[in-house]
Amino acid sequence: MKNYDHKKIEKKWQNEWEKKKIYQAKDPSTSSGRVAGKKFYSLIEFPYPSGEGLHVGHIRSNTAMDIISRKRRMEGYNVLYPIGWDAFGLPTENYAIKTGKKPAIVTKKNTDTFRRQLKALGYSFDWSREINTTDPKYYKWTQWIFLQLFKKGLAYKAKSFINWCPSCKIGLANEEAVGGVCDRCGSKTEKREKKQWMLAITKYADRLDKDLNLVDYPERVKTQQRNWIGKKNGVSIKFDDIEIFTTRPETIFGATFVVVAGEKDKFTGRYVTNPATKEEIPVWEAEYVMAEVGTGAIMGVPADDARDREFAEKYNLPIVENYKKAGFEDFGKKFTHFKLRDWVFSRQRYWGEPIPIISCEKCGLIPVPEKDLPVKLPEVKSYKPTDSGESPLASISKWVNTKCPKCKGKAKRETDTMPNWAGSSWYYLRYTDPKNSKEFASMKNLKYWLLGSSAPKREPSSQEGGVDWYNGGMEHTTLHLLYSRFWHKFLYDLKLVPTAEPYQKRTSHGMILGEGGVKMSKSVGNVVNPDEIVKTYGADTLRIYEMFMGPFEESVAWNTESIIGSRRFIEKVWRIGNKFLKQKNSSGLTLPGVPSGTHTVQNSSISKILNKTIKKVSEDIENMHFNTTISAMMILTTEMEKALEKGQTLNPQKGLALSIEDYKKFLQILAPFAPYITEELWRMLGEKNLIDLSSWPKWDENLVKDQEITIAVQINGKVRTEIIIQMNEEEEEVKKKALSDQTVLKYLIDGHPKKIIYVKNKVINILP
RNA sequence: GCCCAGGUGGCGGAAUUGGUAGACGCGAUAGACUCAAAAUCUAUUGAUGGCAACAUCAUGAGAGUUCGAUUCUCUCCCUGGGCACCA
């Protein structure tokens, strides 16, 4: 038996798919604004094209969504499964600093590698819509959206303390400097005062919190976003000129002191009046009260709050028990505190979108006119940022010095660039209309892809919709996912997008760890190169392996030794297909020549297992239970091969154990997982069209149900034997069967059990 | 400290409206084929005892509810992730 030659076959079908363009999504036509059939927009987080090439973690997410996309196509959907590059960012720039190579050239090289690797894996991306955030035609619109934010006052420059990383020489967003540590390099960050561009995401805090009710996200994602936004309902109360914030205003009669934010614990020497008790109480400063939370001041209720009590005991402040309870708003007014801060949006770096603002001494900050967009990144000699905290762009005086668009006087360009989160905040919109030069995407296409197949009828005010299914990493929950929701809502308010939320359904894959369960990293040297796996085992094997290795949403350790199991499965599928061919040749039968749908075929044991498997695969894919799906298909192949061994294949008179029709149905449900081998076998068995263009098989409910079933017989709750019964057999009959069983008789003392519990079609428990 | 997700063989993991724990895969052991190896196939593979039939124990620990608990309740331990003098 010739082994499966994955190299030859994979190349062949890659070419064929590319030639036939079968994965290109159809936009609504100009005339009707409609495309026949239902649409489906599936999305993965577009990769950052790093110099290391594709990571096995990318493959996990991409393969999962590829399986779903391929299944949807076979179910008759017009599927959009796009790909692009989130190519601005620090690693490329650092590489440029080290080697002097232009970031654009490095990016080109890296995207070429990624593209080759992704194509090798057989993903059904619509490559005609490929986008790149560093392409001026793309970032023109990133800048354009920024200008809209600026015009609405949501982008502003403010002097503020920022998280400064002394190693990267860059200001970081709060989200990137959690715990005072730089997200990128792990260095301790410093607080530096600097004028920064900020985006007023806090203006959307309440809606970002509330609208989580509109979307289908995993609970852990929603919880994490809610915690990050940190909405807290309370009351602000004036103690003379000091306004305090509390979530427990009913305890105000117990307040015996006030604490305002400070560096060290100390009495300020002043007293204020408690509006409830009318008593004079002391004002303290303390570290444990933070300026940025609430109003930066609290009332101390030592009788009710453990931390206040500790403070009171330490400084001998009075503690009253048994005080009167107040109503919620008796002494103050409702005040909602959000933990979320505005988004620090500028970076002192080269490799990012220039911020399209011109600073004029007379006119102030003036937006670059839209007709002058994009503001292109100029060529620069050195990519190194300076210690003074200025972007390398600041050194190009020819570029920096310009005319004020308003007064035509001397003016300077903004030299800070945008963070890498900018381009990714709206990229899913661009995919719907990637070549549009007049707008970031046409409303017609946005409506079609975001609202659904009946969309053209609906008004843009409709709130429902978004990308149908978006899979990505948990690490983006409080970054990209939150940022893009904010941008989307802003565009929604401008009536530029048709939905209130960007993504209808979000799922998250678990991380792939290195062997032994440690994180994969270059320094540990445990990074797996997908190219080598594809070369040795083939793309189908790698896809199957990554889907089989564990539950999709949980992290799992890589194990090269285990890949062979997935390869063996592929080989088995290949062997079975080749046995059909052999029999075809020796028997002279033409394929497909076996009468399908005959009684014998329908009732064979393989048909039963097949129909059960179709059902399981169809349902489990929707829940992303890929591991159990593959397990079921493995069992089916083992059974099919056994049936073939018995030599009953192609003789209809003898009652078919495995018909070629059944085998083809199996190929169809395997196709989304292993597109190459199934395409090849499909063609070999006489099909003229591509397997991807065939219809997803349906299961026969009658064949899924068993007539005879085996149930466990327990004595005192312990399984002692099992009996075969008819499905839904009468309880009395089952009891009779169980009580006449040899093993059961052994346990019965006098033949009269105390009690019998029968759970229909499942178990019978006898208490002797 | 708080919130979320977990803890099952040598390993990755199946199984939950409470109903045969360990599916499927890896690894391991033995055998078939082969000059040999690889590949493939077959059998065995949670632990203990037994030639065997079989029995006992076993899903982080301990208790509870139940005819019956990996699944439900309580207490505790551990791992991963998130938040944190948060008023």
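No hydrogens, no waters, no symmetry mates; every other heavy atom, side chains included, goes into these values. Order of the sequence lines sets the chain letters (A, B, ...), proteins ahead of strands, with each chain counted from 1.
Using a 4.0 Å cutoff on non-hydrogen atoms, no part of residues 235-243 of chain A comes near RNA chain B.
Electrostatic pairing of A:Lys535 and A:Glu532 does not count as a salt bridge here, judged by no charged N lying under 4.0 Å from a carboxylate O. Remark: A:Glu731 engages A:Lys735 in a salt bridge, criterion side-chain N to carboxylate O under 4.0 Å. Between A:Arg568 and A:Glu571, no side-chain nitrogen of the basic residue sits less than 4.0 Å from a carboxylate oxygen of the acidic one, so the salt-bridge criterion is not met.
Using a 30° and 60° split on the angle between ring planes, A:His55 and A:His58 fall in the perpendicular class, above 60°.
Proximity of A:Lys642 to the phosphate of B:rU42: no side-chain N or O atom is located under 4.0 Å from OP1 or OP2. Remark: A:Lys519 is not in phosphate contact with B:rG80, judged by side-chain N or O atoms under 4.0 Å from OP1 or OP2.
Among the protein residues, A:Ile564 comes within range of the sugar-phosphate backbone only, with heavy atoms under 4.0 Å from sugar or phosphate atoms but none that close to a base. Residue contacts for A:Arg226: at a heavy-atom cut-off of 4.0 Å it reaches no nucleic acid atom on any strand shown. Within 4.0 Å (heavy atoms only), A:Glu722 reaches at least one base atom of the nucleic acid. The residue A:Ser566 sits apart from the nucleic acid: no heavy atom pair falls under 4.0 Å. Here A:Arg220 lies in heavy-atom contact (under 4.0 Å) with sugar-phosphate atoms only. In this structure, A:Val713 reaches neither bases nor backbone, as no heavy-atom distance under 4.0 Å exists between it and the strands shown.
A distance of 6.0 Å or more separates the ring centres of A:Phe548 and A:Phe626.
With B:rC85, B:rC41, B:rG13 as the candidates, the nucleotide lying closest to the side chain of A:Met290 is B:rC85. Each of B:rA14, B:rC24, B:rC26 was ranked by its minimum atom distance to the side chain of A:Asn627; first place goes to B:rA14. Comparing B:rA23, B:rC83, B:rC86 by their nearest atom to the side chain of A:Trp228 picks out B:rC83. Nearest to the side chain of A:Val719, among B:rA21, B:rC24, B:rC86, sits B:rA21. Taking every side-chain heavy atom of A:Met634 into account, B:rG25 is the closest of B:rG12, B:rC85, B:rG25. Taking the side chain of A:Tyr747 as heavy atoms from C-beta on, and the options B:rG12, B:rC85, B:rA55, the nearest nucleotide is B:rA55. The side chain of A:Ser631 lies closest to B:rC24 when the candidates are B:rC41, B:rG19, B:rC24. Here the side chain of A:Lys572 is nearest to one of B:rC26, B:rC85, B:rC41, namely B:rC41. Ranking B:rC86, B:rA14, B:rC24 by closeness to the A:Ile635 side chain, first place goes to B:rC24. Checking B:rG25, B:rC26, B:rG13 against every side-chain atom of A:Pro551, the shortest atom distance belongs to B:rG13.
Note: CG (A:Asn623) to P (B:rA14) measures 13 Å, nearest angstrom. Atom-to-atom, CE of A:Met549 to P of B:rC11 comes out at 17 Å; the value is rounded to the nearest Å. If you take CG of A:Asn233 and P of B:rC86, they are 18 Å apart, rounded to a whole angstrom. Going from atom CG of A:Asn559 over to atom C1' of B:rG10 covers 12 Å, rounded to whole Å. Rounded to an integer number of Å, the gap from CZ of A:Phe569 to P of B:rC24 is 14 Å. Atom CD in A:Glu546 sits roughly 15 Å away from atom C1' in B:rG25 (whole-Å rounding). Taking atom CZ on A:Arg720 and atom C1' on B:rG19, their separation rounds to 16 Å, with Å as the unit. Here B:rA39 presents its P atom at 10 Å from OH of A:Tyr537, a figure rounded to the nearest Å.
For the C1' atom pair drawn from B:rC86 and B:rG6, the interatomic distance equals 28 Å after rounding to whole Å. The C1' atoms of B:rC78 and B:rC24 are separated by 29 Å, rounded to the nearest whole Å. The separation of B:rG7 from B:rU20, taken at their C1' atoms, amounts to 24 Å, rounded to a whole angstrom. Across the P atoms, B:rG13 and B:rC4 are found 23 Å apart, a figure rounded to whole Å. A distance of about 22 Å separates the P atoms of B:rU56 and B:rG60, rounded to the whole Å. Rounded to a whole angstrom, the distance from the C1' atom of B:rA37 to that of B:rU48 is 39 Å. Rounded to whole Å, the C1' atom of B:rC33 lies 9 Å from the corresponding atom of B:rC41. Atom name P, nucleotides B:rU59 and B:rG9: the rounded distance is 9 Å, in whole Å.
Defined by atom type and a distance below 3.5 Å, a donor-acceptor pair is missing between the side-chain atoms of A:Lys324 and A:Thr277. Side-chain contact, A:Thr560 with A:Glu515: a donor N or O sits under 3.5 Å from an acceptor N or O. A side-chain donor from one of A:His6 and A:Arg567 sits under 3.5 Å from a side-chain acceptor of the other. Side chains of A:Asn578 and A:Tyr4: a donor-acceptor N/O pair is absent below 3.5 angstrom, by distance only. At a cut-off of 3.5 Å, with distance as the only test, a side-chain donor of A:Tyr323 or A:Asp304 sits close to an acceptor on the other residue.
The backbone N or O of A:Gln726 sits less than 3.5 Å from a side-chain atom of A:Glu729, completing a donor-acceptor pair.
Secondary-structure stems of RNA chain B, taken as three or more successive Watson-Crick or G-U wobble pairs (i with j, i+1 with j-1) under a 3.5 Å distance threshold, comprise B:1-7 with B:77-83, B:10-12 with B:24-26, B:27-32 with B:40-45, B:46-49 with B:54-57, B:60-64 with B:72-76.
An anti orientation is assigned to B:rG13, its glycosidic angle lying beyond 90° of 0.
Of the residues near RNA chain B, A:Arg568 and A:Lys616, the one whose nearest nucleotide (by heavy atom distance) lies more toward the 5' end is A:Lys616. Place A:Glu292 and A:Gly550 on RNA chain B by their nearest nucleotides, and A:Gly550 ends up nearer the 5' end.
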Quick one: side chains of residues 234-244 of chain A, donor-acceptor pairs under 3.5 Å with protein atoms, not counting sequence neighbours, listed by atom name and distance.
residue: A:Ser236; atom: OG; partner: A:Glu243; partner atom: OE2; Å: 3.0
residue: A:Asp240; atom: OD2; partner: A:Thr273; partner atom: N; Å: 3.0
residue: A:Asp240; atom: OD2; partner: A:Thr273; partner atom: OG1; Å: 3.4
residue: A:Asp241; atom: OD1; partner: A:Arg270; partner atom: NH2; Å: 2.8
residue: A:Asp241; atom: OD2; partner: A:Arg270; partner atom: NH2; Å: 3.2

Ignoring hydrogens and angles, write down the donor-acceptor pairs under 3.5 Å from the side chains of residues 252-266 of chain A, residues two or more places apart or on other chains.
residue: A:Thr256; atom: OG1; partner: A:Pro318; partner atom: O; Å: 2.8
residue: A:Asp265; atom: OD1; partner: A:Glu287; partner atom: N; Å: 3.4
residue: A:Asp265; atom: OD2; partner: A:Tyr315; partner atom: OH; Å: 3.1

Original post:
Could you run down nucleotides 64-73 of chain B 5' to 3' and tag each one B, S or - for protein heavy-atom contact under 4.0 Å?
Top reply: ---B------
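Side chains of A:His509 and A:Glu554 form no contact here, defined as non-hydrogen atoms less than 4.5 Å apart.
Sorted by first and then second residue, the salt bridge (Lys or Arg N to Asp or Glu O under 4.0 Å) pairs involving residues 707-725 of chain A (not counting sequence neighbours) form an empty list.
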